Asks: 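My questions all concern the structure below.
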Number of protein chains: 2
Amino acid sequence: MAGRGRPRTFDPDDALGRALDVFWERGYEGTSLADLAQAMGIASASIYACFGSKEDLFRQVMALYTATAGAPPRRALTDTPSTRTAIERMLHATVDQITGAESPHYCMLVLAAPTGAIENDAVREFLAEGRRGQRAAIRARLERGVAEGDLAASTDLDALSRYYATVVQGLSIQARDGATRDELEGVVASAMAGWGPLTARPGV
Amino acid sequence: MAGRGRPRTFDPDDALGRALDVFWERGYEGTSLADLAQAMGIASASIYACFGSKEDLFRQVMALYTATAGAPPRRALTDTPSTRTAIERMLHATVDQITGAESPHYCMLVLAAPTGAIENDAVREFLAEGRRGQRAAIRARLERGVAEGDLAASTDLDALSRYYATVVQGLSIQARDGATRDELEGVVASAMAGWGPLTARPGV
DNA sequence: CCATTTTTTTGGTGATCGACAAACAAATGG
DNA sequence: CCATTTGTTTGTCGATCACCAAAAAAATGG
């Protein structure tokens, strides 16, 4: 085993983690290959040999990001029995994530590349697809609530899921602007205040 | 009057409007001076002579943006007697603004430069300051509601203003991802559903 | 030892970035 | 007509962009 040629002098997983740090701090377009090469401790030619283009590397970085930073909110959504509590815990997990001391205060899916040069359209669409996935996950959880009799069948799942997706994404802007964890908990509490009116059986 | 030297061959206000279009489409870092020069119909040297650096131009563009695109939500906030209706109309005006056919579907204050290279920190802070102004305007309107007896004095104005600012900013992501006007109206309605619980006098 | 395979190192590609200097053009004041 | 002032045109600056070719290095199989 172990292949034939010259062995790698770096750990690709470790290098990917360092690339994540840089992309997280500066966004997609704000990060240059020189930045990446320095942070990853390898020459840019090695980046191309191991990860492909800058865009390829970014997609692999986002896969790592989704698997790590994205896990807690996703788990809160699926692992909580009560639908209402599932949404609430998902929001709290999001706040936790974007106010941590270890990393920049925003969700990469939301702010790593919302605008930019035309040539990077594919990257923006890639992230937009991820965000649509966020909303789809929320909607799926609400559907499950209806199926389990936890939520009135008359609930407007489109509106409700989009509403909470909007809050999740707005939180990143707030955190980026310096809002504290406590302040964002207040936002979450406010966002949950509408749960009763929004899920009540109409006309009953 | 009319100065001494050679007269300008272009209208600065018109050129500023064209610069706004480009910055709006591609964000701050995604827009190059070549893009601007072409859209404004003048050489880049003329841009420097008339507007200063790229950053200077962007600040003037944002002043124009705030005065035009930013006016309807701002007016809805101040010109509506009922506090609740003022917030609601502000949200509707925002949805109107970011789903218009004439311009990209997002608020520049929110998405023109949320992340990017370190050298553009000043621009990001400039926009962050504008966003904090958004929330301050909402808060000021709520304070007025309290002063006018329209809102219970016990209302948590910090949390409430931050909550609606979060929704306003989240709407830009939703619109950018293709949400229709009707879908965003549903988000606004959902966001307003919490108004009653959030403004009720506690323990009464 | 040698051929093969794979990675690293080195160095540089053309393109584009924001910004500006110098030369030229068009107006006014005298 | 001429000096002055201001704007435009032209050309280009050094830096940086994403990307890659060529050569050298380090492993394996025979």
Side-chain angles (χ1 to χ4, degrees), chain A residues 1-16 18-19 22-23 25-61 112-113 115-124 126, chain B residues 1-16 18-19 22-23 25-61 112-113 115-124 126:
Chain A
M1 273 298 144
R4 272 241 287 184
R6 174 173 178 171
R8 277 221 178 78
T9 60
F10 63 95
D11 174 19
D13 287 341
D14 182 65
L16 206 59
R18 293 168 186 272
V22 185
F23 274 126
E25 185 164 346
R26 314 185 190 177
Y28 178 72
E29 289 191 354
T31 303
S32 73
L33 274 161
D35 295 334
L36 291 165
Q38 200 213 335
M40 298 166 86
I42 58 181
S44 76
S46 290
I47 296 180
Y48 281 89
C50 183
F51 300 102
S53 67
K54 179 186 179 184
E55 180 176 337
D56 291 334
L57 172 62
F58 182 71
R59 288 173 188 262
Q60 294 171 62
V61 159
T115 58
I118 296 175
E119 65 204 78
N120 295 318
D121 250 334
V123 171
R124 278 193 295 283
F126 168 67
Chain B
M1 272 295 144
R4 271 244 283 189
R6 174 172 177 171
R8 279 222 176 77
T9 60
F10 63 94
D11 174 19
D13 287 340
D14 182 65
L16 205 59
R18 293 168 186 272
V22 185
F23 275 126
E25 185 164 347
R26 313 184 192 178
Y28 178 72
E29 290 191 354
T31 302
S32 72
L33 274 161
D35 296 333
L36 290 164
Q38 200 214 333
M40 298 166 85
I42 57 182
S44 77
S46 290
I47 296 180
Y48 280 90
C50 183
F51 300 102
S53 69
K54 179 185 178 185
E55 180 177 337
D56 291 334
L57 172 62
F58 182 70
R59 287 173 188 262
Q60 294 170 61
V61 158
T115 59
I118 296 175
E119 66 204 77
N120 295 318
D121 251 333
V123 171
R124 279 193 295 284
F126 168 67

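Because only heavy atoms are used, hydrogens play no part in the values below, and waters and symmetry mates are left out as well, while side chains stay in. Just so it is clear: chains get the letters A, B, ... in the order the sequence lines come, proteins before strands, and each one is counted from 1. All values derive from a computational prediction rather than experimental measurement.
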Asks: What's the closest nucleotide to the A/Phe10 side chain, out of D/dT8, C/dT8, D/dA27?
Replies: C/dT8

Asks: Can you tell me how far C1' of C/dT16 sits from CG of B/Asp35, to the nearest Å?
Replies: 11 Å

Asks: Enter the distance from A/Glu119:CD to A/Glu55:CD here, rounded to the nearest 0.5 Å.
Replies: 10.5 Å

Asks: Reading DNA chain C from 5' onward, which residue's closest nucleotide shows up sooner: A/Ser44 or A/Cys50?
Replies: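 Whichever sits nearer the 5' end wins; that is A/Cys50.
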
Asks: What is the separation between atom CG on B/Leu57 and atom C1' on C/dA19, rounded to the nearest whole Å?
Replies: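 About 14 Å, once rounded to whole Å.
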
Asks: Which one, D/dC17, D/dT28, D/dT9, comes nearest to the side chain of A/Ala34?
Replies: D/dC17

Asks: What integer distance in Å separates B/Arg6:CZ from C/dA25:C1'?
Replies: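 To the nearest whole Å, that distance equals 4 Å.
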
Asks: From C-beta outward on A/Ala43, which listed nucleotide comes closest to its side chain: C/dT10, D/dT9, D/dA26?
Replies: C/dT10

Asks: Look at all strands and tell whether A/Thr9 reaches a base, only sugar-phosphate, or nothing, counting heavy atoms closer than 4.0 Å.
Replies: sugar-phosphate

Asks: What's the separation between atom OG in B/Ser32 and atom CD in B/Gln38, rounded to the nearest 0.5 Å?
Replies: 9.0 Å

Asks: C/dT16 C1' sits how many Å from A/Ile118 CD1, rounded?
Replies: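 Whole-Å distance recorded here is 15 Å.
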
Asks: May I ask you to evaluate whether B/Ser46 reaches the phosphate of D/dT8, defined as a side-chain N or O under 4.0 Å from OP1 or OP2?
Replies: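 Checking B/Ser46 against D/dT8: at least one side-chain N or O falls below 4.0 Å of OP1 or OP2.
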
Asks: Starting at atom CG of A/Leu33, determine the distance to atom P of D/dT16, rounded to an integer number of angstrom.
Replies: 15 Å

Asks: Can you check the B/Tyr28 OH to C/dG18 P distance for me, whole Å?
Replies: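 Atom-to-atom, B/Tyr28 to C/dG18, this comes out as 8 Å.
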
Asks: One thing to verify: whether B/Asp56 and B/Arg59 come together as a salt bridge, which I'm taking to mean a side-chain N less than 4.0 angstrom from a carboxylate O.
Replies: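 No salt bridge links B/Arg59 with B/Asp56.
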
Asks: Roughly how far, to the nearest 0.5 Å, is CD1 of A/Ile42 from CZ of A/Arg18?
Replies: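 Between A/Arg18 CZ and A/Ile42 CD1, I get 10.0 Å after rounding to 0.5 Å.
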
Asks: Please state whether the phosphate of C/dC20, meaning OP1 or OP2, lies under 4.0 angstrom from any side-chain nitrogen or oxygen of B/Tyr48.
Replies: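 No, outside the criterion.
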
Asks: Does B/Pro7 or B/Lys54 map to a spot on DNA chain C nearer the 5' end, using the closest nucleotide for each?
Replies: B/Lys54

Asks: When you check the phosphate oxygens OP1 and OP2 of C/dT7, does a side-chain N or O of A/Arg8 lie under 4.0 Å from one of them?
Replies: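 The answer is yes; a side-chain N or O of A/Arg8 sits under 4.0 Å from OP1 or OP2.
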
Asks: Counting only side-chain N and O atoms of B/Ser32, is one of them less than 4.0 Å from OP1 or OP2 of C/dC17?
Replies: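 Yes, B/Ser32 has a side-chain N/O under 4.0 Å of OP1/OP2 on C/dC17.
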
Asks: A/Asp56 CG to D/dC19 C1': how many Å, rounded?
Replies: 12 Å

Asks: Indicate yes or no: at least one non-hydrogen side-chain atom of B/Tyr28 is less than 4.5 angstrom from one of A/Thr115.
Replies: no

Asks: Rounded to whole Å, how long is the line connecting atom CZ of A/Arg4 with atom C1' of C/dT6?
Replies: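 Rounded to whole Å, this separation is 10 Å.
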
